[in-house]
Asker: 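Dropping a structure here in structure tokens format, bear with me for questions.
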Amino acid sequence: MEIFRPQSRRNILSSSSDAVSVPTIPLYRSAPSLDVRLEEFESFAIDRLRVLKGISDGMSRGKKPEEMENLVKDLWKVNMRQQHASEVLHKDIISHFALRLVYCRTEDLRKWFLSMESALFRYRFRLLKNAEAQRAVMEEFDLPYRAVSNVEFESIKEKLGQVARSTGQPLPTADAIFYKVPFEEVPELVAGRKVLISQGYAYVAMNQIVSLVATLFRSQLSKTLILTNRKWTSSIREQEKHRLTPIVEAMCSSYLGPDYSQSREYADISLKDIDQVAKSSFPLCMRHLFDKLKEDHHLKHGGRMQLGLFLKGVGLNLDDALAFWRAEFSKKVGLEKFEKQYAYGIRHNYGKEGKRTDYSPYSCTKIISSTPGTGDHHGCPYRHFSEENLRAALGRMGVNSRAMEDVIDKARNRHYQLACTLTFEALHGMPCDAGINHPNQYFSDSRKILQSKA
Amino acid sequence: MIPQQESDFNLNHLKLYYGKLFPFADLCRWVSYGNDANHPGCDQSYMGRREFSFTLVDDIYLRFQSFNNVHELENSVKEKSPVKIDIGPVYSVDPAKRYAYAQSENNVFTPVERELIFDIDMTDYDDVRYCCSGADVCLVCWPLMTIAIKVIDTALRDDFGFKHVLWVYSGRRGVHCWVCDGKARRLSNEQRGAIADYFRVYKGNENSHKKVSLTGAALHPFLATSYTNVLKDYFEKNLLTGQNLLATEERYEKILSMIPDESIASELRGRWQDGRRSSSAKEDINVVRWEQLKQLLQSGKHKAQGLRRCVEEIVFCFTYPRLDMEVSKHMNHLLKAPFCVHPKTGRVCVPIDPSRCDEFDPTTVPTLSQLIEELNYESSRSDVDGELNRTSLGNAITLFRSSFLQPLLKACKSCLEVTSIDTIKRWNVHSTVELSRSILTLIFSYNCNRSSGERKELA
């Protein structure tokens with residue numbers, strides 16, 4: 001059993017963080033002076049990961065805030081339970097910092113961890129329910145904002161009422177507290193038009209403060225993740241090569257699943273087979289893009305990205321990808337314009353231009369959370385199609401009417417990935433126990449089944 | 001219609017244009033934001049970290065060009081004669097040397113500043129305009145762009161508090177917007193996305209029906225103001241009759257399909273199918289039908305059913321600005337520089353005065369050949385400003401300077417004066433990281449021990 005002793009920090013930090021006012025949700029800003037057993041380091045981290053993974057699943061099903069709140073409550077209760085309250089806090093903090101190390105190492109990992117931890121924080125804050133406890137957390141953040149004065153409140157009362165009615169909130173009463181905050185601090189309230197915005201300031205109601213706090217939490221975590229990464233690469237990885245590094249490196253991959261950036265088993269799908277495999281093994285989202293491309297000889301940016309990266313994951317090499325897109329686009333925009341405007345983007349996807357990042361194909365979560373607009377065909381059909389269009393599309397795929405009702409039912413209840421899984425099962429006549437989490441997983445599972453049948 | 005005049009674009013003319021007319025100095029003063037002065041607060045590397053990108057005539061695409069000053073830019077443009085110049089973000093390091101930095105483990109080549117930009121393109125309105133489609137525009141559909149400028153410009157200034165907003169004709173079928181306030185340039189991608197979403201009312205895509213959905217008991221003040229001040233009037237006084245939105249069966253069916261109550265839709269359909277005799281000849285058929293629709297939907301007995309919003313939804317659908325969201329959401333998107341010449345139309349991408357955008361006429365924007373003719377017509381004087389003033393480009397450049405560049409540079413100057421030198425210091429890439437044995441200490445120590453350089457990067 002190994003014990004870590006953070007000696008150098010002990011004097012500085014113990015006085016402040018161990019002391020009297022432990023907030024109900026830690027902000028993970030400073031080090032606790034705790035000794036951590038190696039096995040705890042791992043098991044706590046895995047428990048927290050279960051919570052985060054549960055949140056991720058809930059989000060990809062498009063659960064509403066109230067549903068998420070209950071989900072988080074349950075996940076937390078099940079996975080983070082300890083005998084004493086102080087042990088829960090202890091586990092909370094250790095598991096967070098352990099996962100911070102696991103998920104600091106690449107941009108994708110950081111992104112995932114950041115959004116899951118922020119969601120966890122948000123719902124835990126909402127679950128505090130009583131205003132006292134919320135205010136204690138706010139004070140911890142040391143927010144520099146003042147409540148809007150009575151005079152100012154009177155002058156904008158009418159507009160605040162308009163905002164409240166537009167979002168289905170009760171009208172603000174005379175003693176309602178509003179905070180005047182630079183709009184950049186509350187992006188999600190801005191995005192949803194949930195606040196009045198005037199002259200660069202957002203007027204945030206007390207019941208919306210969670211957005212402000214969650215945004216602050218997120219931006220602080222985002223910064224520290226980058227710094228942790230820097231330390232990881234510059235020293236920790238090497239120093240801990242025999243102790244923590246193996247744990248850390250094993251942990252994220254086992255839970256996030258493969259990213260399909262390098263196609264493995266079924267590499268070398270060639271151009272001549274692509275029409276046929278599209279029919280047999282593409283999930284509906286890709287099949288739809290594929291068909292639309294053949295029909296319109298064009299796809300907008302979102303569609304090109306979603307399908308293009310999927311095809312890369314399927315094993316289409318760069319030359320074939322260029323030939324594939326060229327064949328379609330040139331019918332509409334001409335060869336010249338294709339080479340000029342679109343070929344760059346394809347090479348870019350393969351890491352041959354610009355930043356030279358080899359981009360990963362989109363996962364279901366990413367596709368489900370996209371927001372296709374006018375003229376767009378990307379996104380998740382189970383989420384973004386009207387029911388009528390979804391039925392028609394499933395019919396074209398060959399889903400029989402009995403299975404169709406089950407699929408539609410799942411989609412209606414926002415279980416998009418389950419709807420996709422049912423479609424897979426209906427078309428392949430085989431169960432898909434793991435569920436569909438990635439279009440490229442759909443593809444490779446489909447190929448496996450079809451080849452074993454052949 | 002603006003015909004696609006290939007003849008208006010000629011590489012020799014373009015060379016002459018870059019040689020004599022293109023306002024390099026104004027462009028550089030703009031993108032330097034005051035950092036080209038001798039003030040101690042200036043960041044001398046600022047301009048050199050900006051990405052420019054050229055499209056050359058043989059479809060050669062040169063990205064990540066960078067220039068330290070106006071002379072370097074001018075020489076390069078004159079030498080290469082790009083048919084299009086794009087402006088990208090300011091990066092953490094000189095974009096031309098990005099590979100050298102890419103070797104290090106921390107990927108330090110990243111955008112750090114970028115104007116908040118909007119791109120509005122007429123092709124996105126193809127389902128609500130009947131006069132032309134695709135790349136064409138005419139004076140009947142151009143009001144859609146005027147509406148977009150009015151709505152977005154007002155909200156950028158009144159709601160978000162921005163002051164330095166530049167609107168530019170894209171040269172063919174749309175408009176570009178550059179928001180240049182310091183605060184706007186430093187927005188994160190997430191914050192940009194939030195602003196773009198604030199402007200977004202279209203929730204539908206090609207595969208679901210409803211394109212505009214206004215729910216809730218009231219409209220958000222931004223939408224309500226846009227509706228009463230801009231959208232409603234443009235719809236009723238301009239587009240309704242200009243586009244003949246209710247004149248034929250096919251067109252009114254499109255609008256009827258947006259009414260959720262089938263009985264009302266069929267009542268209107270019944271009236272309109274044999275409506276010829278009931279409407280007086282004097283009144284425009286579109287106006288008559290629109291009044292009938294409004295009356296039926298907004299009459300007392302339907303109010304309770306939430307159908308009243310339906311009239312607004314129809315108006316929003318046919319008028320509300322449609323932004324290319326991706327362009328606004330990411331810092332590293334490129335956007336064509338003002339004063340470029342559109343290679344298809346030959347028209348110059350001139351600024352548009354948002355306070356007088358009703359008067360803007362895309363069909364009278366100066367073209368390359370017209371400018372060259374004007375240059376040739378009177379070639380006695382030689383100073384550049386003189387050349388400019390003799391051509392129809394003069395007004396455009398005057399507008400750029402007086403309504404945009406001068407107020408902007410004034411604001412930049414006062415901002416630089418309060419910025420102390422040490423905060424300008426660039427982040428030191430090779431900052432040393434303390435070594436420590438304990439893993440927890442290592443994870444946690446960043447709070448106290450990060451170097452001053454790192455602090456700057458976080459700011």
Side-chain angles (χ1 to χ4, degrees), chain A residues 4-9 12 29-31 34 36 97 100-101 159 162-163 165-168 183-184 187-188 190-193 196-201 223-224 227-228 230-231 233-236 239-240 244 301-302 336 339-340 344 354-356 372-377 379 381 384-386 389, chain B residues 55 59 61 63-64 98 102 105-107 109 124 127 158-162 183 187-188 190-191 193-198 200 202-211 216-224 322 325-326 433 435-448 450 454 458:
Chain A
F4 308 104
R5 280 185 208 287
Q7 287 147 345
S8 60
R9 293 263 75 71
I12 309 167
R29 275 169 157 172
S30 52
L34 298 167
V36 185
F97 280 103
R100 205 185 262 192
L101 204 55
K159 284 188 170 166
Q162 224 175 327
V163 175
R165 289 202 295 142
S166 76
T167 53
F183 75 84
E184 314 92 279
E188 62 169 31
V190 173
R193 284 192 297 268
L196 172 65
I197 300 178
S198 178
Q199 290 305 322
Y201 288 95
K223 286 166 190 166
T224 51
L227 291 171
T228 312
R230 220 169 272 156
K231 292 216 182 236
T233 49
S234 65
S235 56
I236 306 174
Q239 282 170 22
E240 291 291 338
L244 285 179
H301 176 78
E336 197 180 320
E339 297 299 343
K340 192 169 144 194
Y344 180 89
K355 226 165 82 177
R356 303 203 174 221
T374 322
D376 280 333
H377 288 285
H384 296 113
F385 280 23
S386 65
N389 284 355
Chain B
T55 309
D59 298 332
Y61 201 37
R63 281 202 63 183
F64 299 113
R98 66 196 180 286
E105 285 234 30
N106 311 319
N107 198 359
F109 178 63
D124 288 329
D127 63 319
D158 295 352
D159 298 7
F160 293 103
F162 294 126
K183 190 171 164 179
L187 291 170
S188 67
E190 188 194 11
Q191 292 162 337
I195 296 176
D197 281 334
Y198 183 78
R200 169 186 165 107
Y202 290 84
K203 301 287 177 190
N205 59 67
E206 286 308 296
N207 301 296
S208 64
H209 296 302
K210 200 116 189 191
K211 299 246 169 174
L219 286 180
H220 184 277
F222 156 62
L223 295 181
R322 301 178 175 194
M325 304 288 285
E326 292 305 314
V433 182
L435 301 177
S436 171
R437 296 203 60 87
S438 158
I439 178 65
L440 285 176
T441 312
L442 274 167
I443 312 170
F444 303 150
S445 59
Y446 48 72
N447 275 325
C448 319
R450 60 184 191 226
E454 283 176 326
L458 296 178

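All values below were derived from every heavy atom in this structure, side-chain atoms included, with hydrogens, water molecules and symmetry-related copies excluded. Letters A, B, ... are given to chains in the order of the sequence lines, protein chains preceding strands, and every chain is numbered from 1.
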Asker: When the ring planes of Y61(B) and Y344(A) are compared, do they come out parallel, tilted or perpendicular, using 30° and 60° as the limits?
Answerer: perpendicular
Asker: Around atom NZ of K159(A), are there more than 12 heavy atoms of other residues, nucleotides or ligands at under 6.0 Å?
Answerer: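 No, not enclosed.
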Asker: For the candidates Q199(A), K340(A), R193(A), R165(A), which exhibits the highest count of non-hydrogen atom pairs separated by less than 4.5 Å from chain B?
Answerer: R193(A)
Asker: Please work out whether the ring planes of F160(B) and F162(B) are parallel, tilted or perpendicular, with thresholds of 30° and 60°.
Answerer: parallel
Asker: Quick one: which of H220(B), Q191(B), E190(B) has the most heavy-atom pairs under 4.5 Å with chain A, could you say?
Answerer: H220(B)
Asker: Under 4.5 Å between any side-chain heavy atoms of F183(A) and I195(B), yes or no?
Answerer: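 SC-SC contact between F183(A) and I195(B) confirmed.
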Asker: Under 4.5 Å from any heavy atom of chain B, what part of S198(A) do you find: side chain, backbone, both or neither?
Answerer: both
Asker: Checking E339(A) against chain B: side chain, backbone, both or neither under 4.5 Å from a heavy atom?
Answerer: neither
Asker: Can you check side chain to side chain contact (heavy atoms under 4.5 Å, CB included) on M325(B) and D197(B), steps first, answer last?
Answerer: CA-CA 8 Å; M325(B) 304 288 285; D197(B) 281 334; 3.3 Å; yes
Asker: Could you tell me which portion of T55(B) (side chain, backbone, both or neither) has an atom closer than 4.5 angstrom to a non-hydrogen atom of chain A?
Answerer: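 It is the side chain, since no backbone atom gets that close.
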Asker: Against chain A, label L219(B) side chain, backbone, both or neither, depending on which of its atoms sit under 4.5 Å from a heavy atom there.
Answerer: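 When you check distances to chain A, only backbone atoms of L219(B) fall under 4.5 Å.
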